[in-house]
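These numbers come from a predicted model, not from an experiment.
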Amino acid sequence: QVQLVETGGGSVQTGGSLRLSCAASGVTHDRMCMAWFRLAPGKEREGVALITSGGTPMYGAAVKGRFTVSKDNGENTLYLQMNNLKPEDTARYYCAARRTCYSSYSNVFLEKDYNFWGQGTQVTVSS
């Protein structure tokens, strides 16, 4: 089992920045695939960013160029640096993990493939 705990959410104004952290514990390994998803009211959950088992960062189209994902294997922690935030980024952000994933996969953000989920952290961006 893997436990995931997200921190770092909050409220900011348009153009602001936040950094989310996801600490993993339990049965973890360096090649574990870890991802960020988000869920906004009235919308489906969408993939935001992830680090593949090969160490490749991947991003959803809505955040590319503004968000940066990184991982500290020694600390088993996944980070999401969010810059130039917009009101449409308002959502609850979830950390998720699966045993492995690679950039060659047809859809690395397929929710059902992620076995472990955190409780989420709220991000609110005001205009």
Side-chain angles (χ1 to χ4, degrees):
Q1 289 289 340
V2 176
Q3 293 78 44
L4 303 171
V5 178
E6 305 96 332
T7 56
S11 297
V12 296
Q13 292 188 327
T14 298
S17 298
L18 282 172
R19 188 191 195 207
L20 305 184
S21 299
C22 171
S25 61
V27 184
T28 62
H29 59 93
D30 288 350
R31 299 183 73 77
M32 187 169 65
C33 179
M34 295 182 70
W36 290 101
F37 288 80
R38 67 186 182 185
L39 180 62
K43 296 185 179 180
E44 293 186 353
R45 186 147 53 185
E46 66 171 329
V48 175
L50 61 82
I51 298 282
T52 70
S53 299
T56 302
M58 299 184 72
Y59 299 93
V63 306
K64 197 172 292 185
R66 299 187 296 122
F67 291 10
T68 302
V69 63
S70 60
K71 186 172 177 233
D72 184 331
N73 285 329
E75 297 293 327
N76 288 327
T77 301
L78 183 72
Y79 300 99
L80 184 67
Q81 177 66 43
M82 305 185 293
N83 296 329
N84 191 21
L85 283 160
K86 304 175 181 181
E88 50 263 44
D89 295 316
T90 295
R92 191 164 185 84
Y93 285 70
Y94 295 88
C95 180
R98 56 190 284 187
R99 182 172 177 79
T100 58
C101 73
Y102 295 92
S103 56
S104 59
Y105 287 8
S106 60
N107 186 357
V108 291
F109 287 117
L110 198 58
E111 284 184 56
K112 69 179 183 63
D113 292 332
Y114 288 81
N115 310 103
F116 308 103
W117 292 82
Q119 293 299 306
T121 185
Q122 180 67 33
V123 171
T124 302
V125 185
S126 58
S127 57

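- Take Ser11 and apply the side chain to side chain contact (heavy atoms under 4.5 Å, CB included) test, not counting sequence neighbours, and it matches Thr124.
- Expressed to the nearest 0.5 Å, how far OG1 of Thr68 lies from CG of Leu80 amounts to 8.0 Å.
- Cluster annotation: Phe67 is connected to Val12 through the hydrophobic network of ILVMFWY side chains, with a link wherever side-chain heavy atoms come within less than 4.5 Å.
- Atom CZ in Arg31 sits 8.5 Å away from atom OG1 in Thr52 (nearest 0.5 Å).
- With sequence neighbours excluded, the residues satisfying side chain to side chain contact (heavy atoms under 4.5 Å, CB included) with Ser126 are Gln13.
- Scored by the ring-ring contact (aromatic ring centres under 6.0 Å, His included) test, Tyr59 finds no partners at all (sequence neighbours excluded).
- Annotation: side chain to side chain contact (heavy atoms under 4.5 Å, CB included) contacts of Val108 (sequence neighbours excluded): Leu50, Met58, Tyr105.
- The shortest heavy-atom contact between Cys22 and Met34 is SG-CE, 3.9 Å.
- In this structure, Tyr114 OH and Phe37 CZ are separated by 5.0 Å, a value rounded to the nearest 0.5 Å.
- Checked against salt bridge (charged side-chain N to carboxylate O under 4.0 Å, His left out), Glu46 has the following partners two or more places apart in sequence or in another chain: Arg38.
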Please evaluate residues Asn84 and Lys86 with respect to the criterion side-chain hydrogen bond (donor to acceptor under 3.5 Å, both in side chains), reporting the C-alpha separation (whole Å), side-chain torsions for both, the decisive distance (0.1 Å), and the verdict. CA-CA 7 Å; Asn84 191 21; Lys86 304 175 181 181; over 6 Å; no
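- Counting non-hydrogen atoms of other residues, nucleotides and ligands closer than 6.0 Å to CD of Glu75 gives a total of 12 or fewer.
- Leu20 CG to Gln81 CD: the interatomic distance, rounded to the nearest 0.5 Å, is 9.0 Å.
- Smallest separation of non-hydrogen atoms from Thr121 and Gly9: OG1-N, 3.1 Å.
- Closest of all the heavy-atom pairs between Val63 and Val48 is CG2-O, 3.3 Å.
- In terms of the side chain to side chain contact (heavy atoms under 4.5 Å, CB included) criterion, residue partners of Ser21 (sequence neighbours excluded) are, by chain and number, Thr7, Thr77, Tyr79.
- Considering every non-hydrogen atom in both Arg92 and Gln119, the closest pair reads NE-O, 3.1 Å.
- Between Val27 and Val2, the closest heavy-atom pair is O-CG2, 3.2 Å.
- For the atom pair Leu78 CG and Leu4 CG, the distance stands at 9.0 Å (nearest 0.5 Å).
- Shortest non-hydrogen contact noted between Val69 and Ala49 is CB-CB, 3.8 Å.
- For Arg99, there are no side chain to side chain donor-acceptor pair (under 3.5 Å) partners, not counting sequence neighbours.
- Evaluation of the salt bridge (charged side-chain N to carboxylate O under 4.0 Å, His left out) rule for Arg45 yields Glu111 as partners, not counting sequence neighbours.
- Here the side chains of Trp36 and Cys95 are in contact, with some heavy-atom distance below 4.5 Å.
- Each disulfide bond (SG atoms under 2.5 Å apart) pair with one or both residues in residues 32-82, not counting sequence neighbours, appears once here: Cys33-Cys101.
- Pairs engaging residues 35-82 under the disulfide bond (SG atoms under 2.5 Å apart) rule: none recorded [sequence neighbours left out].
- Residues passing the salt bridge (charged side-chain N to carboxylate O under 4.0 Å, His left out) test with Arg66, sequence neighbours excluded: Asp89.
- Here salt bridge (Lys or Arg N to Asp or Glu O under 4.0 Å) pairs that include residues 6-26, with residues two or more places apart or in two chains, number zero.
- Under a hydrophobic-cluster definition in which Ile, Leu, Val, Met, Phe, Trp and Tyr are linked whenever side-chain heavy atoms come within less than 4.5 Å, directly or via other members, Leu39 and Val125 are assigned to different clusters.
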